[in-house]
Amino acid sequence: MMELHSYSENKYKTKIQTTGHNIQTTGHNITTSHVCPWFSPVAYFLGHNLVLPCFFRQIKITGQENIPKTGPVILAPTHRSRWDALLIPYATGRCVTGRDLRFMVTINECKGLQGWFVRRMGGFPVNPQHPSIKTLRHGVDLLCQQESVVIFPEGGIFRDGQVHTLKAGIARLALTAESSHPGLGIQILPIGINYSQAYPQWGADARISIGISIPVVDYVNGCVKQDAKNLTQDLRTALQQLSNDRLVITNHPALAQTSNP
């Protein structure tokens with residue numbers, strides 16, 4: 001999973017007009033996505049009731065009361081394993097809030113059989129080497145439609161349990177949408193994910209810690225770079241706090257325990 005970065009100040013300030021489900025532009029291709037109305041409920045049911053309970057010995061979730069039930073939300077989890085893409089919907093998705101999650105993923109993850117599933121779950125691609133303004137526009141469009149969008153702010157997967165440097169793209173996307181649509185009310189929800197094993201195997205434990213959402217409007221002060229820097233720093237601080245209560249990584253599930261360093 002990846003996220004957007006390296007947009008110019010002029011692109012950040014562009015007024016983005018939305019109509020229906022697509023962003024209206026002139027002379028550009030449009031990034032689109034949709035949730036398959038029959039596939040999504042089936043996938044959520046199987047993941048919530050069969051796949052995850054059978055694979056993990058224990059899944060502990062805290063902070064679900066912090067999940068906004070309405071309005072535009074960017075879920076910002078730490079990225080520790082490919083299992084994250086199933087655990088985030090398990091903890092915050094349709095079965096909890098009644099809403100589908102829209103993942104921003106790499107182009108490679110939208111290919112083949114995996115891409116078939118990703119597309120039908122409402123995922124949409126970004127090119128990590130050459131991120132496009134089209135993806136930014138589509139992300140803003142989804143937020144204007146009051147959707148829940150998942151972006152992993154660290155970019156790649158890190159298995160050492162530490163919060164790594166966050167990419168600026170998540171803050172720029174949120175600030176772009178909020179500043180170009182005053183009153184939108186975007187919230188960024190920090191989420192910490194930890195496992196009892198660096199590479200989770202059958203019988204591992206998982207912990208999902210959901211923090212207090214961050215109102216994006218509080219960071220719209222007119223200075224693009226500084227606003228994004230402040231928002232990114234506060235998000236990283238929140239993720240670090242959530243990661244302090246983590247599972248000790250071990251090669252044996254029976255030895256898993258919680259740690260509060």
Side-chain angles (χ1 to χ4, degrees), residues 1-7 61-63 66-67 73-93 101-110 114 118 123-131 135-136 139 143 148-176 186-200 204 206-214 216 219 225 227-249 259 261:
M1 302 291 176
M2 293 291 294
E3 48 71 66
L4 299 173
H5 57 84
S6 300
Y7 285 100
I61 305 171
T62 59
N66 296 326
I67 305 173
V73 183
I74 297 178
L75 283 73
T78 55
H79 207 2
R80 301 294 170 258
S81 166
R82 292 196 179 277
W83 283 102
D84 299 348
L86 295 180
L87 285 172
I88 291 299
Y90 178 86
T92 67
L101 305 182
R102 312 297 295 274
F103 280 81
M104 181 185 290
V105 301
T106 65
I107 290 177
N108 289 336
E109 289 173 302
C110 280
Q114 178 179 346
V118 168
F124 61 101
V126 59
N127 186 333
Q129 280 72 45
H130 304 285
T135 309
L136 173 65
L143 293 171
S148 295
V149 180
V150 181
I151 305 175
F152 292 95
E154 292 171 295
I157 294 175
F158 297 95
R159 303 182 187 275
D160 57 5
Q162 303 299 314
V163 177
H164 289 251
T165 300
L166 306 189
K167 308 300 183 182
I170 187 171
R172 292 176 180 172
L173 173 62
L175 290 165
T176 297
I186 300 170
Q187 303 283 326
I188 296 182
L189 189 68
I191 302 174
I193 304 177
N194 289 288
Y195 300 93
S196 57
Q197 301 169 342
Y199 292 84
R207 178 189 293 275
I208 306 166
S209 303
I210 303 169
I212 298 174
S213 59
I214 302 172
V216 175
Y219 296 84
K225 292 183 179 179
D227 291 348
K229 181 179 179 180
N230 292 341
L231 179 53
T232 300
Q233 181 56 53
D234 285 354
L235 174 58
R236 187 170 191 269
T237 298
L239 290 173
Q240 287 175 325
Q241 292 173 346
L242 293 170
S243 296
N244 282 341
D245 185 19
R246 62 180 182 268
L247 291 168
V248 172
I249 295 176
S259 174

Please lay out, stage by stage, how T78 and S243 fare under the test side chain to side chain contact (heavy atoms under 4.5 Å, CB included). CA-CA 9 Å; T78 55; S243 296; 4.1 Å; yes
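Counting only distance, with no hydrogens or angles, the side chain of R236 and the backbone of L166 share no donor-acceptor pair below 3.5 Å. Side chain of S213 to backbone of L189: no donor-acceptor contact under 3.5 angstrom is found. A donor-acceptor pair under 3.5 Å is absent between the side-chain atoms of R80 and the main chain of I157, judged by distance alone.
Across all their heavy atoms, S209 and L242 have their closest contact at O-CD1, 3.6 Å. Pairing each heavy atom of P77 with each of F152, the nearest pair is O-CD2, 3.5 Å. Nearest heavy-atom pair across R172 and A228 is CG-CB, 4.1 Å. Q197 and A204 get closest at one heavy-atom pair: OE1-CB, 3.6 Å. Between I188 and A76 the shortest heavy-atom distance is CG2-CB, 4.0 Å. Here the shortest heavy-atom pairing between A85 and P89 reads O-CD, 3.0 Å.
A distance of 6.0 Å separates CG in D227 from CG in L175, rounded to the nearest 0.5 Å. The CD1 atom of I74 lies 10.5 Å from the CD atom of Q187; values are rounded to the nearest 0.5 Å. Expressed to the nearest 0.5 Å, how far CD1 of I88 lies from CG of L101 amounts to 8.0 Å. Here the CG atom belonging to L173 is positioned 5.5 Å from the CG atom belonging to L143, to the nearest 0.5 angstrom. Summarising the geometry, atom CD1 belonging to I170 is positioned 10.5 Å from atom CD belonging to E154; distances are rounded to the nearest 0.5 Å. Rounding to the nearest 0.5 Å places CG of L239 at 11.0 Å from CG of N244.
Here T232 pairs with nothing under the side-chain hydrogen bond (donor to acceptor under 3.5 Å, both in side chains) rule; sequence neighbours left out. Under the side-chain contact (heavy atoms from CB on, under 4.5 Å) criterion, N230 pairs with Y219, Q226, not counting sequence neighbours. Every side-chain contact (heavy atoms from CB on, under 4.5 Å) that I212 has, sequence neighbours left out, goes to N66.
At least one test fails for R102 against the ring of F124: distance under 6.0 Å to the centre or angle within 45° of the axis.
The side-chain heavy atoms of S81 and Y199, taken from C-beta on, include no pair separated by under 4.5 Å.
Applying the side chain to side chain contact (heavy atoms under 4.5 Å, CB included) test between Q233 and each of T237, L231, L235 identifies T237 as the sole match.
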